[in-house]
Amino acid sequence: MSYLALYRKYRPKSFNELIGQEHIVKTLVNQIENDRLGHAYLFTGTRGTGKTTAAKIFAKAINCLSPINGSPCGKCESCKALEDSSNIDVLEIDAASNNGVNEIRELRENVQYPPVSCKYKV
C-alpha cells in the first residue's frame, strides 16, 4: 500500500468543489464557456490558497472534450489522461525550484513542442 498525502487524496476535481475562491472560479469558468482563453495564466498567493488545485482543474477543463458548466467532466479520455502525472501535455512548475538558468532553458525547450494527446499544452 503506497502512501498518499491527504491534500492529494482530497484535492477537488472540479470548480464546484473548490472552496473560498469563487471570484477566481467565476473568471476561469467564464473564459472557458466563452472560449476566450489567454495565452498565459499566473496563479499567485500564499501557501494553501488553492493555486495548484485551481491550475490543475483549469488544465483539465480546457482540454476536456465535454465540459460541464466550465468544469471538466472527468469521464472523457482527455480527463482520464490528465489524471496521470506522467502526461507530457501538462507540466507543473513552481517558481521555488525552477529559478535557475538551466531550468528555464529546459522549460523553453519543452514548450516548443505541440501537445501530443490533448487540445492544449499546459
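Here, residue 1 is the first one in the sequence, and each next residue gets the next number. Remember, predicted model here, so these are calculated numbers, not experimental data.
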* To do: Could you tell me whether a side-chain N or O of Asn87 sits under 3.5 Å from a main-chain N or O of Ala81, the two making a donor and an acceptor?
  => yes
* Asked: Are any of the side-chain nitrogens in Glu83 or Lys60 under 4.0 Å away from the carboxylate oxygens of its partner?
  -> yes
* Please name all residues satisfying side-chain contact (heavy atoms from CB on, under 4.5 Å) with Arg105, sequence neighbours left out, ordered by chain then number. => Val101, Asn102
* Hey, are Tyr10 and Glu17 close enough side-chain-wise for a donor-acceptor pair under 3.5 Å? -> no
* Should the heavy atoms of other residues, nucleotides or ligands under 6.0 Å from CD of Glu33 be counted, would the total exceed 12? -> yes
* With distance as the sole test, does Lys80 use its side chain to make a donor-acceptor pair with the main-chain N or O of Gly74 at under 3.5 Å? -> no
* Asked: Donor-acceptor pair, Ser78 side chain versus Asn63 backbone, under 3.5 Å?
  -> yes
* Ser117 and Asp89: CA distance, side-chain angles, deciding distance, side-chain contact (heavy atoms from CB on, under 4.5 Å) verdict -> CA-CA 7 Å; Ser117 62; Asp89 290 334; 3.2 Å; yes
* Asked: What is the distance from atom CD1 of Ile24 to atom CG of Leu18, rounded to the nearest 0.5 Å?
  -> 9.5 Å
* How long is the span from the CD1 atom in Ile57 to the OG atom in Ser71, to the nearest 0.5 Å? -> 7.0 Å
* To do: Measure the spacing between NZ of Lys56 and OG1 of Thr53 and express it to the nearest 0.5 Å.
  => 8.5 Å
* Backbone N/O of Thr49 and side chain of Gln21: donor-acceptor pair under 3.5 Å -> yes
* In terms of hydrophobic clusters joined by side-chain contacts under 4.5 Å, are Leu37 and Phe43 together? -> yes
* Indicate yes or no: at least one non-hydrogen side-chain atom of Cys76 is less than 4.5 angstrom from one of Cys64. => yes
* If you round to the nearest 0.5 Å, how far is CD of Glu77 from SG of Cys118? -> 9.5 Å
* To do: Would you kindly confirm whether Leu107 and Tyr41 end up in one hydrophobic cluster when ILVMFWY residues are joined by side chain heavy atoms under 4.5 Å apart?
  => no
* Is the Phe58 ring parallel, tilted or perpendicular to the Phe15 ring (thresholds 30°, 60°)? -> tilted
* Structure fact -> Lys121 and Ile88 have their tightest heavy-atom pair at CE-O, 3.8 Å
* Asked: Within a radius of less than 6.0 Å around CG of Asn69, do more than 12 heavy atoms belonging to other residues, nucleotides or ligands occur?
  -> no
* **Cluster link Ile32 to Tyr120, ILVMFWY, side chain under 4.5 Å** => yes
